[in-house]
Engineer: 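Let me give you the structure first, and then I'll get to my questions.
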Amino acid sequence: MPSATLPAADAAVSLGMDVPVGSLVAETIALEAGSALAEQLDRIFKSDRELDCVVVAAAGRPVRLVTREHYYTVTGGPYGFTLYQKKPVEAVAKPSPLVVGEDVSVRALAALALARPRDDQYDPAIVVDGAGMIRGIVTIRQLLRKAAELEVQIAQLSNPLTRLPGGRVIQDWIERELAEDRAGELTVFFTDLDRFKEYNDVYGLLMGDELVRRTAEILAGARDVLGPQTRLGHDDGDDFVLICPQPVGTDALREVCGRFDRGKLDLFRPADRDRGFFEARDEKGNLLRVPLTTLSLAGISSRALGDERHPAAFSQLAAGLRRTAKTVTAALGRSGFALHE
């Protein structure tokens, strides 16, 4: 039976913990285009051995970047300095630096920086304010250090089995979406794996973990029908939470249920799969026929909250609805859902 692993993109799902690069900005030297010669850069770099770069600006807006390494590569050799010393700074500058707004997130900037050509990947990024004026730079060393800190925080608040965010982050997500939900379109779905205890008892805890991971994969992949802004969290055990800011139709929910019912099959023995049940014993030792595990979804619309617009209200309303959803799946003999609108 194949192992189910969560896609890397979903493992790196934003946890609402990212920070803007404006908080990391370091001061830098900016020279106005046409105001300085290349030979002046030699004196600037030699006077400050810690200086990584100089920005070339036009009316306070960045247009080029001169890194220490690039400058001495261009002006090195027996004739390099002689050739360039009386030329304007722009002649030894890189023409297309990475420029980002101060509100861009650390994780987004890290992705942009690493997507650059190999020769530019370790160049500092230039940070500008809302008017496009230079605020300073962020070095790749700063960026990687902060990104590593964020990854540690993410790991601490994520479920170790699926690497999906858990309780506190899920609550923060719901609070944020509720604050922005003006039209009552927010729906929060709570999921259950029906007869999961019996599956664990018969197939073992390792296979139970595989089924949980497979569920995470299927739900993460369902954003194409639930909406790209849907967030997925793993509360605990076999409990997942889907936060959908946009309305979700019943056809989309049927598609999610169908994907689960198809995707689960290779996690059952062929004989059990063919007959549609597996055998387990109850607490008294009686042999039972247990239907193949199904997925139940209980969806609570923000319209159902009334004046109780807080994350706990979703959980309170979901308590009874989850039982209803399980009744629906049992009656259907396949995965199903119940909605409170």
Engineer: Nearest 0.5 Å, what's the CG-NZ distance between D238 and K197?
Structural biologist: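 Between atom CG of D238 and atom NZ of K197 there are 12.5 Å.
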Engineer: Would you say R116's side chain and D123's backbone share a donor-acceptor pair under 3.5 angstrom?
Structural biologist: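 Yes; judged by distance alone, with no hydrogens or angles, the pair exists.
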Engineer: In terms of hydrophobic clustering (I, L, V, M, F, W, Y; side-chain heavy atoms under 4.5 Å; direct or indirect links), are V100 and L114 co-clustered?
Structural biologist: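 No, because V100 and L114 fall into different hydrophobic clusters, even though each may have its own neighbours under 4.5 Å.
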Engineer: Okay, side chain of R273, backbone of L265: is any donor-acceptor separation there less than 3.5 Å?
Structural biologist: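 Yes; at least one donor-acceptor contact below 3.5 Å.
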Engineer: Between the side chain of E32 and the main-chain N/O of A59, is any donor-acceptor distance below 3.5 Å?
Structural biologist: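 At least one qualifying donor-acceptor pair exists.
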Engineer: Check whether any side-chain N or O of R303 sits under 3.5 Å from a backbone N or O of I300 as a donor-acceptor pair, and report yes or no.
Structural biologist: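 Side chain of R303 to backbone of I300, a donor-acceptor pair under 3.5 Å: no, none is there.
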Engineer: Please confirm whether the backbone N or O of G263 pairs with a side-chain atom of R214, one donor and one acceptor, at under 3.5 Å?
Structural biologist: yes
Engineer: Can you confirm whether more than 12 heavy atoms, excluding those of R43, are under 6.0 Å from its CZ atom?
Structural biologist: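 Check passes, neighbour count above 12.
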Engineer: Taking CZ in R334 as the centre, count heavy atoms belonging to other residues, nucleotides or ligands within less than 6.0 Å. Is the count above 12?
Structural biologist: no
Engineer: Can you check whether F189 and F240 have ring centres sitting under 6.0 Å from each other?
Structural biologist: no
Engineer: Is the side chain of R61 donor-acceptor paired with the backbone N or O of A131 at a distance under 3.5 Å, no angle test?
Structural biologist: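 Confirmed, R61 side chain pairs with A131 backbone.
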Engineer: Please determine whether a side-chain nitrogen of the Lys or Arg among E39 and K46 lies less than 4.0 Å from a carboxylate oxygen of the Asp or Glu.
Structural biologist: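 No, E39 and K46 are not salt-bridged.
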Engineer: In the hydrophobic cluster built from side-chain contacts under 4.5 Å, what are the other members alongside F45?
Structural biologist: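 I29, L31, L41, I44, L51, V54, V56, V63, V66, Y71, Y72, V74, F81, L83, Y84, V89, V92, listed by chain and number.
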Engineer: Just by distance, do the side chain of E90 and the backbone of G34 share a donor-acceptor pair under 3.5 Å?
Structural biologist: yes
Engineer: For the CG atom on D236, are there more than 12 heavy atoms of other groups (residues, nucleotides or ligands in this structure) within a distance under 6.0 Å?
Structural biologist: no
Engineer: So if I apply the side chain to side chain contact (heavy atoms under 4.5 Å, CB included) rule between F314 and each of T187, I174, I243, which one comes out positive?
Structural biologist: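 That would be I174; it is the only one of T187, I174, I243 passing the side chain to side chain contact (heavy atoms under 4.5 Å, CB included) with F314.
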Engineer: Among T293, D261, D194, which one satisfies side-chain hydrogen bond (donor to acceptor under 3.5 Å, both in side chains) with T329?
Structural biologist: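 The passing option is D194.
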Engineer: Where the side chain of D172 meets the backbone of R176, is there a donor-acceptor pair that is under 3.5 Å apart?
Structural biologist: no
Engineer: When rounded to the nearest 0.5 angstrom, what is the spacing between CG in D129 and CG in D103?
Structural biologist: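 Rounded to the nearest 0.5 Å, the CG-CG separation comes out at 10.5 Å.
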Engineer: Can you check side chain to side chain donor-acceptor pair (under 3.5 Å) on D272 and Y203, steps first, answer last?
Structural biologist: CA-CA 11 Å; D272 293 343; Y203 281 83; 2.6 Å; yes
Engineer: Search all heavy atoms of T139 against all heavy atoms of Q142 and return the closest pair with its distance.
Structural biologist: N-OE1, 2.8 Å
Engineer: For residues I134 and L98: do they belong to one hydrophobic cluster (side chain heavy atoms under 4.5 Å, members Ile, Leu, Val, Met, Phe, Trp, Tyr)?
Structural biologist: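 Each belongs to a different hydrophobic cluster.
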Engineer: Using the rule that two of Ile, Leu, Val, Met, Phe, Trp, Tyr join whenever any of their side-chain heavy atoms come within less than 4.5 Å, decide whether M133 and V55 are in one cluster.
Structural biologist: no
Engineer: For R168 and E175, what are the C-alpha separation, side-chain angles and deciding distance, and is it a salt bridge (Lys or Arg N to Asp or Glu O under 4.0 Å)?
Structural biologist: CA-CA 11 Å; R168 195 190 92 186; E175 286 179 350; over 6 Å; no
Engineer: Could you check S296 against D192 for side chain to side chain donor-acceptor pair (under 3.5 Å), going step by step and ending with a plain yes or no?
Structural biologist: CA-CA 5 Å; S296 296; D192 286 293; 5.9 Å; no
Engineer: Has E210 got a side-chain atom pairing as donor or acceptor with L267's backbone, closer than 3.5 angstrom?
Structural biologist: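 No; zero donor-acceptor contacts below 3.5 Å.
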Engineer: Nearest heavy-atom pair of G299 and L321: which atoms, and what distance?
Structural biologist: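 Here G299 and L321 meet closest at O-CD2, 3.4 Å.
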Engineer: Which atom pair, heavy atoms only, marks the closest approach of N200 to G208?
Structural biologist: OD1-CA, 3.1 Å
Engineer: Should we count CZ of F196 as having more than 12 external heavy atoms under 6.0 Å?
Structural biologist: yes
Engineer: Taking V138 as the starting point, is it possible to reach V99 by hopping between hydrophobic residues whose side chains are less than 4.5 Å apart?
Structural biologist: no
Engineer: Examine I126 and L143 and state if one hydrophobic cluster contains both, with Ile, Leu, Val, Met, Phe, Trp and Tyr joined whenever side-chain heavy atoms are less than 4.5 Å apart.
Structural biologist: no
Engineer: Looking only at heavy atoms, which two atoms of L232 and A216 are closest? And how far apart?
Structural biologist: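 For L232 and A216, the tightest heavy-atom pair comes out as CD2-O, 3.8 Å.
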Engineer: How many angstroms lie between atom CG of L297 and atom CZ of F190, to the nearest 0.5 angstrom?
Structural biologist: 11.5 Å
Engineer: Could you please spell out the steps behind the salt bridge (Lys or Arg N to Asp or Glu O under 4.0 Å) verdict for D119 and K94?
Structural biologist: CA-CA 11 Å; D119 291 344; K94 293 189 172 186; over 6 Å; no
Engineer: Does a side-chain N-to-carboxylate-O contact under 4.0 Å join R141 and D52?
Structural biologist: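 No.
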Engineer: Taking everything shown except E27 itself, do over 12 heavy atoms lie less than 6.0 Å from its CD?
Structural biologist: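 Not buried by this count: 12 neighbours or fewer within 6.0 Å.
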Engineer: Heavy atoms only: give me the nearest L332-S335 pair and the separation to one decimal.
Structural biologist: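 Taking every non-hydrogen atom into account, CD1-O, 4.3 Å.
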